[in-house]
Amino acid sequence: MTSSPFDYARIAELPSYAGKSVRVRGWVTHVRSSGKVAFVVIRDGSGILQVVLVKNSLPPESWERFAILTQETCVEIDGEVKLDKRAPGGVELGASSLAVLGSSPVDYPIQPKEHGVDFLLDHRHLWLRSQRQRAVARVRHEIEQAIRDFFYERDFTLVDTPILTAAIGERSGLFATDYFDEGTAYLAQTGQLYGEAAAAALGRIYCFGPTFRAEKSKTRRHLTEFWMCEPEVAFNDSNDNMKLQEDFISYIVARCLDRKQEELKELERDTSKLEAVKTPFPRVNYSDAVKMVQAKGSDTKWGDDLGAEDESLLVERADRPVFIYNYPKEAKAFYMKENPDDPRTVLCDDLLAPEGYGEIIGGSQREDDYDKLLRRITEENLPLDAYGWYLDLRKYGTFVHSGFGLGLERTVAWITGIPHIRETIAFPRLMNRLRP
Ligand code: 4AD
Ligand code: MG
């Protein structure tokens, strides 16, 4: 038996047990038999393994159990590991016994045929087991780990911000709930405002967690619950902020190329497109961006936010993400710093992913002037009592600072090349989807 603390081996570890006997556990994906020899392919989350059962070298009960194996039956198999270059994972298992841990009726809903996406989403709890979905989960995990490593290596402190809040950050829809005698609580749209407070305590911080938008958007880029990573850096101006963003994105992409080739191949991602993602990223001023999209037929006017179609036009020929910077004040959130060179605009940027994936990052330098911030809060009719603490940050030792928010699921969609954001998170929350 193995020296594994759990007393069974993971399929991915099997090459190191060549010639030895091990126990494996997993779920059946395929079976086939030719009389006295049968084959079972199993999956355990670490890999795929072909098991060979030879009638004459198995106890009769084990051989008989082969007949009841269906897709998704959970099994425990003992056997000898044999190196075999043609087999998936480079090894095969010659079974010496087979036990059924959990049977699976023949009506397993997900079959190797085309299913509609609504059907698959209704069965998301089972759909997760399919090969493509496992590949997506692995890439997402790598991106999350790369995010944490990037900031850890740069001495940022992770600060976990609240999800139940009284203050709001962005303009888009709010989920509200009664909160005892305190009135209404809102599910956080962003951790940023808390991040700014923490930046004055720790200098460089980031928060990373779920955020919520009650947006009635049925697009391939919107979830009602999504994960956002938001760094906030004392003494960074808007230029430093964009520099940090391009370093961050190119780090994440390089990390996936380095460690997730197999998954990207499974997803049929054209990785040459990702290889091109190197710093520096192009920077286009908002006013120039408007002229560019107008020249391509868009009817967007100066002052409008840029729509999804404009974003696609702006990256049409780009081989890496593109910054659009310094948007008009009216198009953006109240906390962004007024541009001293053109007070109609604010010091901010959106980072647009190539290949039409749209905005993956929104960032800005923050308004650090007490009076200007107070004016913006009033102009936007935001409740002053909820923002007193936020104004305090401009009262006690105000400081130049900037930060940004990376949408995790949009980043996963872009890197994996998946057209719709709903497959980038285990259990997507969409306007019309709360189950499973
Ligand atoms: O541009 P947003 O709204 O910026 C903020 O929330 C700032 N407080 C961030 C900051 O400066 N700390 O959102 C940031 C990113 C977007 O670029 C997008 O990638 C993602 O979050 N995002 C969404 N992802 C999925 N579904 C939605 N409904 C999203 N809304 C925003
Ligand atoms: Mg934005």
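Values below: all heavy atoms of this structure, side chains included; hydrogens, waters and symmetry mates excluded.
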Review point. Is the Tyr387-Phe334 ring centre distance short of 6.0 angstrom?
Key: yes
Check your understanding: Taking NZ, NE, NH1 and NH2 as the nitrogens, is one of them in Asp247 or Arg154 under 4.0 Å from a carboxylate oxygen of the other?
Key -> no
Point to revise | Pairing of Lys82 and Asp84 as salt bridge, 4.0 angstrom limit | key: no
**Study point:** Donor-acceptor pair between Glu380 and Tyr335 side chains, under 3.5 angstrom
**Key:** no
Point to revise | Test item: Val51 and Leu98 side chains (from C-beta on) under 4.5 Å apart, heavy atoms | key: no
Review point. Any donor-acceptor pair under 3.5 Å linking the side chain of Glu13 with the backbone of Arg10?
Key: yes
Review point. Does atom NE2 of His420 have more than 12 heavy-atom neighbours, drawn from other residues, nucleotides or ligands, at distances under 6.0 Å?
Key: yes
Check your understanding: Counting only heavy atoms not in Glu262, do more than 12 fall under 6.0 Å of its CD?
Key -> no
Revision key, fill the gap. Looking only at heavy atoms, the pair that brings Ala9 and Leu14 closest together is CB-CD2, 3.8 Å
Review point. What are the two closest non-hydrogen atoms of Gly363 and Asn241, and how far apart are they?
Key: C-ND2, 4.0 Å
Review point. Are a donor atom and an acceptor atom from the side chains of Arg366 and Ser364 found within less than 3.5 Å of each other?
Key: yes
Practice item. Answer yes if the side chains of Tyr327 and Asp349 hold a donor-acceptor pair under 3.5 Å, and no otherwise. Key: no
Review point. Can you tell if the side chain of Ile147 reaches within under 4.5 Å of the side chain of Ile252, non-hydrogen atoms only?
Key: yes
Check your understanding: Would you say the side chain of Leu49 lies within less than 4.5 Å of the side chain of Val24, judging by non-hydrogen atoms?
Key -> yes
Point to revise | Residue Arg204 excluded, over 12 heavy atoms near CZ under 6.0 Å | key: no
Review point. Should we say atom OH of Tyr179 is surrounded by more than 12 heavy atoms from elsewhere, each under 6.0 Å from it?
Key: no
Review point. Does NZ or CZ of Arg422 fall inside the cone over Phe427's six-membered ring, less than 6.0 Å from its centre and within 45° of the axis?
Key: no
Check your understanding: What class does the angle between the rings of Phe323 and Phe281 fall in, given that below 30° is parallel, 30 to 60° is tilted and above 60° is perpendicular?
Key -> tilted
Point to revise | Worked check of side chain to side chain donor-acceptor pair (under 3.5 Å) between Thr300 and Ser298 | key: CA-CA 6 Å; Thr300 296; Ser298 165; 3.0 Å; yes
Revision key, fill the gap. Nearest heavy-atom contact between Arg134 and Leu128 is CG-O, 3.6 Å
Point to revise | Ion pair Glu355/Arg410, N-O distance below 4.0 Å | key: no
Exercise for review: Check whether any side-chain heavy atom of Thr211 sits under 4.5 Å from a side-chain heavy atom of Glu225, and report yes or no.
Suggested key: no
**Study point:** Modelled atom types, side-chain donor and acceptor of Glu232 and Gln192, under 3.5 Å
**Key:** no
Exercise for review: Output yes when Glu76 and Arg23 qualify as a salt bridge under the 4.0 Å nitrogen-oxygen rule, no when they do not.
Suggested key: yes
Review point. Ion pair present between Arg433 and Asp122, side-chain N to carboxylate O less than 4.0 angstrom?
Key: yes
Exercise for review: Quick one: closest heavy-atom pair of Glu230 and Thr190, and the distance?
Suggested key: OE1-OG1, 2.6 Å
Practice item. Scan side-chain atoms only and decide if His401 and Glu196 contain a donor-acceptor pair under the 3.5 Å cut-off. Key: yes
Check your understanding: Any side-chain heavy atom of Arg213 sitting closer than 4.5 Å to one from His222?
Key -> no
Point to revise | Met431 to Glu215 - nearest heavy-atom pair and separation | key: CG-O, 3.9 Å
Point to revise | Enclosure of Glu268 CD (heavy-atom neighbours >12, cutoff 6.0 Å) | key: no
Review point. Take atom CG in Asp178; do more than 12 heavy atoms of anything else shown fall under 6.0 Å from it?
Key: no
Exercise for review: Return the set of residues passing side-chain contact (heavy atoms from CB on, under 4.5 Å) with Glu309 (not counting sequence neighbours), or none when no residue passes.
Suggested key: none
Practice item. Determine whether more than 12 heavy atoms belonging to other residues, nucleotides or ligands lie under 6.0 Å from atom NE2 of His30. Key: no
Review point. Below 6.0 angstrom between ring centroids: does that apply to Phe404 and Phe248?
Key: yes
Point to revise | is_close_aromatic(Trp389, Tyr194), centroid dist under 6.0 Å | key: yes
Check your understanding: Which atom pair, heavy atoms only, marks the closest approach of Gly35 to Trp63?
Key -> O-CZ2, 3.3 Å
Check your understanding: Charged N to carboxylate O below 4.0 Å: is that the case for Arg140 and Glu263?
Key -> no
**Study point:** Aromatic ring proximity Tyr206/Phe156, centre distance under 6.0 Å
**Key:** no
Check your understanding: Going by an N to O cut-off under 4.0 Å, is there a salt bridge joining Asp288 and Arg283?
Key -> no
Review point. Under 3.5 Å, is there a donor-acceptor pair between the side chain of Ser21 and the main chain of Glu80?
Key: no
Review point. Are more than 12 heavy atoms from other residues, nucleotides or ligands located less than 6.0 Å from atom NZ of Lys296?
Key: yes
Point to revise | Contacts of Ser46 that satisfy side chain to side chain donor-acceptor pair (under 3.5 Å) - sequence neighbours left out | key: Asp44
Review point. Heavy-atom distance under 4.5 Å between the side chains of Val412 and Val136, does that happen here?
Key: yes
Exercise for review: In plain terms, say whether Arg255 and Asp258 are close enough for a salt bridge, that is, a side-chain N and a carboxylate O under 4.0 Å apart.
Suggested key: no
Review point. Quick one: does Phe39's side chain get under 4.5 Å of Val41's, heavy atoms only?
Key: no
Check your understanding: Charged N to carboxylate O under 4.0 angstrom, Arg132 versus Glu266?
Key -> no
